[in-house]
Amino acid sequence: MKINKNYLNLEASYLFSTIANKVKAYSEANPGKHIIKLGIGDVTLPLCKDVVIAMERAVLEMGVQDTFRGYGPEQGYDFLKTPIKEYYSKHNVSLDIDEIFISDGAKSDLGNILDLFDTDNTVLVQDPVYPVYVDTNIMAGRKIKYLNSNAENGFLPLPTENDKADIIYLCSPNNPTGAVYNKEQLKQWVDFALENNSIILFDAAYECFISDETLPRSIFEIEGAKKCAIEFCSFSKTAGFTGTRCGYTVVPKDLVYEDTMINKLWLRRQTTKFNGVPYIVQKGAAAIFTENGQKEIMENINYYKENAKIITDALDKLGIWYTGGTNSPYIWLKCPNGMKSWEFFDYLLNNVQIVGTPGSGFGENGEGYFRLTSFGSRENTIEAMDRLLKHSLANV
Ligand code: MLT
């Protein structure tokens, strides 16, 4: 028996597990200290009322002979896919219901989709980058090219001849930097992919944080994208489903490589390896799309956006450079006084008991940067910023 040796090329531990272990060790060594976690992008507000009611009803249905359900369609129930289709049409994107696949979240599908592609394909990611894109390709042994994303290009790099690759990852609003591509910039990526027969894996997990109506929420708002892109989306950050697990992936039927419809391959993959998201969870997710559900989730999103404002106001007062936080739940800041990312992580944990995510965990270009999330509670966000303001960072 031989193992997949590619796994030996991975970092020993996933970024957010490393952070969790460090925080656990600190907390055990310092009992009673109130640690404020603004690291992993995990939501704190509960599921909205309509979602809970819909799930309660679904639970009751499951306990009654006539309404009990066993296996559902692997690609999701129409009662959830239909409102998703309508949601897209509000952004002038017309989808066929069979182009929507319900999943247990964007992270799983971003990894699973790679089953469809040859391991010889080259991959282009931006540095800094959400580590899942890198790690899942290392697991498969694919060659990864890195594109510099930095303050000079506003953390929104555009493709050049050197960046040709078969599989291109884009994330907008970006995790970790919070930067968002506009339509003209995304068009450059779509044209580049079409010219080079590449596929774009577009992570739209944070689309609902976009308030600027001129910015695209879906890559399919860009002409030609249906011929070169797959979009991954999630209810985790939109509606607090990080623990409940539900999202969706859009695989257009126009996506054809080597005379093969990618949509058909994905359906084949899902029907073989996936038994679908639980009925109860999908019923809850469908409630997000009712008029009241939309109102409720917008209240939660606005709450997080206000948290982001509290964080950026404090950084302004401290004179710390940052980006993001406006159309994104993430604030990407420069570590003060030239500190390195992990140094600043330790400094904040030890001195003010605030946990963030070291920028270097997202790639070499993240060194010297740090990510804070606006997903904390209001109380903790205010308390964390008070601590930062009271603590003199000048002596770091
Ligand atoms: C993050 O903190 O980057 C995200 O929460 C991770 C994820 O969504 O998997």
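Sequential numbering from 1 along the given sequence is applied to the chain's residues. Every value quoted in this text rests on a predicted model; they were computed, and no experiment measured them. Start at 1 and go down the list; that is how both ligands and their atoms are numbered.
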Set of residues satisfying salt bridge (Lys or Arg N to Asp or Glu O under 4.0 Å) with respect to K309, sequence neighbours excluded: D313
Can you list the steps and then say if E99 with K253 is a salt bridge (Lys or Arg N to Asp or Glu O under 4.0 Å)? CA-CA 7 Å; E99 295 179 316; K253 290 182 178 166; over 6 Å; no
Could you tell me whether D118 and R142 make a salt bridge, using a distance below 4.0 angstrom between a side-chain N and a carboxylate O? no
Please tabulate, line by line, the atom pairs linking an N/O of ligand 1 to a protein N/O at a distance below 3.5 Å, with the distance in Å to 0.1, or answer 'none'.
{"residue": "ligand 1", "atom": "2 (O)", "partner": "G41", "partner atom": "N", "Å": "2.6"}
{"residue": "ligand 1", "atom": "2 (O)", "partner": "R371", "partner atom": "NH2", "Å": "2.7"}
{"residue": "ligand 1", "atom": "3 (O)", "partner": "N175", "partner atom": "ND2", "Å": "2.8"}
{"residue": "ligand 1", "atom": "3 (O)", "partner": "R371", "partner atom": "NH1", "Å": "2.9"}
{"residue": "ligand 1", "atom": "5 (O)", "partner": "G41", "partner atom": "N", "Å": "3.3"}
{"residue": "ligand 1", "atom": "5 (O)", "partner": "G41", "partner atom": "O", "Å": "3.3"}
{"residue": "ligand 1", "atom": "5 (O)", "partner": "K237", "partner atom": "NZ", "Å": "2.9"}
{"residue": "ligand 1", "atom": "8 (O)", "partner": "K237", "partner atom": "NZ", "Å": "2.9"}
{"residue": "ligand 1", "atom": "9 (O)", "partner": "Y130", "partner atom": "OH", "Å": "2.5"}

Those residues that, when tested against F289, pass ring pair (Phe, Tyr, Trp, His ring centres under 6.0 Å) (two or more places apart): Y87, F235
Suppose we screen for side chain to side chain donor-acceptor pair (under 3.5 Å). Which residues come up paired with D115, at least two apart in sequence or across chains? R269, K273
Test: E28 and K24 ion pair at under 4.0 Å: yes
